[in-house]
Amino acid sequence: MPHMKQSGVYMLFGSDRNGDDVIYIGQAVVRKNGEGLSNRINEPHDSIDFWTDAVMFTTTNDALGPTEVCYLENKFCKMAKDAKRYIVKNGNEPSIGNLTEEKEAEMDEFIDYAVLITGVMGYKVFEPLVSPAELASDTKTFHFKSNKFDAKAIITSEGIVLLKGSQISPTTVNSCPQFTINMREKHSAHIADWTTTEDILFPSPSSAASFVSGSSVSGNDMWVLKDGTPLKDVNKAFCLNN
């Protein structure tokens, strides 16, 4: 594709040795040999172990210069780090460049379209697990039904998100599900003093509840709203209303 020889930004998606999702965000400018994006992504990238998918963004008229691609690379890296869905494998923070106010507004519009397209393609690298509106809503926040642990979670379309700052049991019982043990090992870097330091996505309420308690428990019973209503009753009411 001729457009892939132009200047632009690219994203390499893959996973690391621990199975975590990783992304490398880079930029390319047209070189003397007439090659740009397509040539750059085939060059070695030492900071990412391997990648399986590449997404590239450019313009129809090759209007992106070195300053513009630096600005885009910087912004995309920061947005990906803020969303915390992927581990960003860029070794150094890209330079933001020095754009005019008019050009910066143009690039921000470019970013909005790129983020939309990336999400439609299934890469939610720029979307936080929980939106600010959901975090601010008491009606959507569930609490773990126990005096031992102060844990909170929010149900989303992807599953249930255990919120940053949730306390978990320092021990596990013999009957603790292997999935819970594996998840605790996987997210050990996100636990300090048995308190989560990042939001963590789980596929079901029970898997999140087991992660908190270190035992096999029912998430529909253990997650309750502020007024004490259990998740199972919330689900019943939702089914009746729909």
Inter-residue atom distance C70.SG - E68.CD, 0.5 Å rounding: 9.5 Å
Path from V217 to L162 over hydrophobic side-chain contacts below 4.5 Å: yes
Aromatic centroids of F144 and W223 separated by under 6.0 Å: yes
Plane angle bin for F57 and F110 - parallel if under 30°, tilted between 30 and 60°, otherwise perpendicular: perpendicular
Separation of K5 NZ from T58 OG1 (nearest 0.5 Å): 13.5 Å
Shortest non-hydrogen separation from F126 to P128 and the atoms involved: O-CD, 3.7 Å
side-chain hydrogen bond (donor to acceptor under 3.5 Å, both in side chains) evaluation trace for Y71 with D108: CA-CA 9 Å; Y71 180 85; D108 286 343; 2.8 Å; yes
Side-chain donor/acceptor of E185 to backbone N/O of N182, under 3.5 Å: no
Student check: side-chain heavy atoms of L12 and I23 closer than 4.5 Å: no
Proximity of F149 and H143 rings by center, below 6.0 Å: no
Under-4.0 Å salt bridge between R85 and E158: yes
CA sep, side-chain torsions, deciding dist, call: M79, I111, side-chain contact (heavy atoms from CB on, under 4.5 Å): CA-CA 10 Å; M79 292 167 65; I111 290 171; 3.8 Å; yes
Aromatic ring pairing H187/F202, orientation class (parallel under 30°, perpendicular over 60°, tilted between): tilted
Co-membership, hydrophobic cluster, residues Y86 and I117, 4.5 Å side-chain: yes
K84 and D199 ion-paired at < 4.0 Å: no
Residue pair I160 / T156, side-chain heavy-atom distance below 4.5 Å: no
Heavy-atom side-chain proximity of E73 to I96 below 4.5 angstrom: no
Distance (rounded to the nearest 0.5 Å) between I191 CD1 and D193 CG: 11.0 Å
Main-chain N/O of D150 paired to Q167 side chain as donor or acceptor, under 3.5 Å: yes
Intermediate values then yes/no, ring pair (Phe, Tyr, Trp, His ring centres under 6.0 Å), Y10 and H45: CA-CA 12 Å; Y10 63 94; H45 291 77; 5.7 Å; yes
Backbone of S7 reached by a side-chain donor or acceptor of D62 within 3.5 Å: yes
Heavy-atom neighbours of K164 NZ exceed 12 at 6.0 Å: no
Atom pair OG/NZ of S169 and K148 - distance to nearest 0.5 Å: 7.5 Å
Evaluation steps, side-chain hydrogen bond (donor to acceptor under 3.5 Å, both in side chains), between D227 and T229: CA-CA 6 Å; D227 62 4; T229 305; 2.8 Å; yes
Polar side-chain atom of E134 near backbone of S131 as donor-acceptor pair, under 3.5 Å: yes
Smallest separation among heavy atoms of T197 and A192, with atom names: CG2-CB, 3.9 Å
Under the side-chain contact (heavy atoms from CB on, under 4.5 Å) test, residues paired with T67 that sit two or more places apart: L99
Close side-chain approach of V22 and K89, heavy atoms under 4.5 Å: yes
Cluster link L201 to M183, ILVMFWY, side chain under 4.5 Å: no
Linked, directly or transitively: I48 and I25 (ILVMFWY side chains, under 4.5 Å): no
Polar side-chain atom of S213 near backbone of A209 as donor-acceptor pair, under 3.5 Å: yes
Flag, side chain of S206 to backbone of G219, donor-acceptor distance under 3.5 Å: yes
Side chain proximity check, F211 to R184, heavy atoms < 4.5 angstrom: yes
Crowding at CG, N42 (>12 non-hydrogen neighbours, <6.0 Å): yes
Reported CG-to-CE distance for the pair D53 and M11, which is rounded to 0.5 angstrom: 13.0 Å
Side-chain (S210) to main-chain (S207) donor-acceptor, under 3.5 angstrom: no
Co-membership, hydrophobic cluster, residues M121 and L72, 4.5 Å side-chain: yes
Under 3.5 Å: donor-acceptor pair, side chain of S175, backbone of S215: no
Side-chain heavy-atom pair F13, Y123 within 4.5 angstrom cut-off: yes
Side chains of I154 and F142 in contact at under 4.5 Å (non-hydrogen atoms): no
side-chain contact (heavy atoms from CB on, under 4.5 Å) assessment of L225 paired with V234: CA-CA 9 Å; L225 291 175; V234 175; 3.7 Å; yes
side-chain contact (heavy atoms from CB on, under 4.5 Å) between V69 and V29, worked out: CA-CA 8 Å; V69 294; V29 294; 3.9 Å; yes
Student check: side-chain heavy atoms of L163 and L135 closer than 4.5 Å: yes
Residue E101 excluded, over 12 heavy atoms near CD under 6.0 Å: no
Pair N61-T59, side-chain donor/acceptor within less than 3.5 Å: yes
Under 3.5 Å: donor-acceptor pair, side chain of T195, backbone of G165: no
Q6/L64 under side-chain contact (heavy atoms from CB on, under 4.5 Å): CA gap, chis, key distance, verdict: CA-CA 8 Å; Q6 298 181 165; L64 299 176; over 6 Å; no
Distance, nearest 0.5 Å, that separates OG1 of T100 from CD of E106: 8.5 Å
Check: K152 main-chain N/O paired with S166 side-chain donor or acceptor under 3.5 Å: yes
Atom CD of E43 with >12 non-hydrogen neighbours under 6.0 angstrom: yes
